[in-house]
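Indexing begins at 1, ligand by ligand and atom by atom, following the structure's order. Only this structure's heavy atoms are used, side chains among them; waters, hydrogens and symmetry mates stay out. Here the structure is a predicted model, which means the values were calculated and not measured.
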Amino acid sequence: MNDVDTTPVIEVTDLVRVFGKRTVLNGVSFKIHRGETMVIMGGSGCGKSTLLRHIIGAMKPTSGSIKIFGEDITHMDERELASIRRRFGMLFQSGALLASMTVGENVALPISEHSQLSDDDVDQIVKRKLQMVGLTGFEHLKPAEISGGMKKRVGLARALALDPELLFSDEPTSGLDPIMTAVVDKLTLELTRESGMTALVVTHDMTSAFRIASNMIMLGRGSIIAQGTPAEIRSSPNPEVQQFINGEADGPVPLNLSQDDHEHRQHVAPRPLISARGRLSRKMP
Ligand SMILES: Nc1ncnc2c1ncn2[C@@H]1O[C@H](COP(=O)(O)OP(=O)(O)O)[C@@H](O)[C@H]1O
Ligand SMILES: [Mg+2]
C-alpha cells in the first residue's frame with residue numbers, strides 16, 4: 001500500500017458544468033493531498049458551492065472527472081457513493097439542520113446511521129463533538145432556538161461526528177463573531193495537522209482563509225484565476241486577486257448576484273449595496 005500516501009485525496013480534472021446556457025464551472029482542475037487545507041475563494045455566484053456539490057457527488061458534471069480517495073466518483077450512483085460519503089464530513093452553507101430534531105439528535109444522526117454503537121456511546125460522541133465547537137450543554141435545544149452562528153457550529157459538530165478523513169465546509173465562519181471564527185479555525189488546523197484530516201473550505205472570510213490554508217484557489221466566473229500557497233496568493237500580480245483579498249469596492253471583479261446572496265440574505269448578511277455605477281460594494285471580510 002505504498003502508493004496510498006501519494007494518491008491525492010481529491011483530484012478534479014477539467015470539470016465543466018453548464019446550467020441552461022450558462023457555463024458555471026469552466027474547466028476546473030486541481031489536486032488536494034492528505035493533511036492539506038485547500039481554501040476556495042471568490043465572489044458570490046462564481047461557482048464555489050456548485051464546485052463543492054460536484055465534488056461530493058451531489059451534482060453530476062457536464063464533462064470532466066472527480067476522484068476522491070483515488071476512486072472515480074464521477075458516474076457513481078447513490079449506493080456506490082454511500083461508502084465514500086461515510087469517510088467524509090460536510091458542513092453545508094446554511095448549516096442544513098433538521099428543524100424537528102434537537103441539536104444533539106442532529107449531531108447523532110450520521111453516527112446512528114453509519115454505526116451500531118449503543119445510545120450511551122452515541123451520547124458520549126455527541127457531547128465530545130459539541131464541546132469541540134464550544135456548544136456544551138446545548139444538546140436539548142431545537143435549531144429554531146439557537147443563533148445562526150450556533151447552527152453553523154452544530155453543523156460542524158455533525159460533519160465531524162464520524163471523525164472524517166476529509167472535511168468539506170461551505171462558508172464555515174460566516175455569521176460567527178471573530179472569537180468563534182478563531183475557535184473554528186483552530187479546530188480545523190488541529191484536525192489537519194494532528195490527525196491528518198484533509199479539508200476543503202469555501203470562504204470569503206479572508207482572515208480565516210489565510211489562517212487555515214495550505215493552498216488556495218481563487219475562482220472567477222467558473223475558472224481558476226489564481227492558485228498557490230497563501231504567500232503566492234498574497235503577492236499575486238493579478239488585480240482581481242488583490243481586489244478580492246483586500247476587500248476593495250472598485251476593481252475588475254464583476255457584479256454577480258447568486259443564490260448565495262439569497263441564502264445569506266435570509267440568514268445574516270445585509271444586502272450588498274449596488275452603487276449608481278453598478279459596482280458591488282463588497283461586504284468587508
Ligand atoms: N441548480 C442550479 N440551476 C441553475 N443555476 C444554478 C444552479 N446552482 C447554481 N446555479 C448558478 O450557478 C452560479 C454559481 O452559484 P454558486 O455555486 O452557488 O455560487 P457561489 O457559491 O460561488 O456563490 C450562480 O449563478 C447560480 O445561480
Ligand atoms: Mg456558495
- Message: Quick one, Thr74 with Lys60, criterion side chain to side chain donor-acceptor pair (under 3.5 Å). Give me CA distance, side-chain angles, the key distance, then yes/no.
- Response: CA-CA 7 Å; Thr74 322; Lys60 296 293 179 197; over 6 Å; no
- Hydrophobic cluster membership, Met76 vs Phe168, 4.5 Å side-chain cutoff: yes
- Item | Subset of ligand 1 atoms that lie under 4.0 Å from at least one heavy atom of Val24 | 12 (O), 13 (C), 14 (C)
- Message: Out of the candidates Asn26, Ile66, Thr62, Thr50, only one should pair with Leu15 under the side-chain contact (heavy atoms from CB on, under 4.5 Å) rule; please name it.
- Response: Ile66
- Task: Take every heavy atom of Ser44, measure it against each atom of ligand 1, and state whether any distance is under 4.0 Å.
- Result: yes
- Taking both backbone and side-chain atoms of Gly47, is any N or O found less than 3.5 Å from an N or O belonging to ligand 1? yes
- Message: Can you confirm whether Leu97 sits close enough to Val103 that some side-chain heavy atom of one is under 4.5 Å from a side-chain heavy atom of the other?
- Response: no
- Message: For ligand 1 and Cys46, I'd like to know whether there is a polar contact (N/O to N/O, distance under 3.5 Å).
- Response: yes
- How about Ser44: does one of its N, O or S atoms come closer than 2.8 Å to the Mg ion (ligand 2)? no
- Query: Do the side-chain N and O atoms of Ser65 and Asp72 include a donor-acceptor pair separated by under 3.5 angstrom?
  - Reply: no
- Message: Under the side chain to side chain donor-acceptor pair (under 3.5 Å) definition, can you give me all pairs with a residue in residues 8-21, not counting sequence neighbours?
- Response: Arg17-His54
- Message: Please classify the Thr50 to ligand 1 contact at 4.0 Å (heavy-atom distances, strictly less than): side chain, backbone, both or neither.
- Response: both
- Query: Heavy-atom distance to atom 21 (O) of ligand 1: which of Gly45, Ser49, Gly220 wins?
  - Reply: Ser49
- Task: Can you figure out which of Lys48, Glu171, Arg22 has its heavy atom closest to atom 27 (O) of ligand 1?
- Result: Arg22
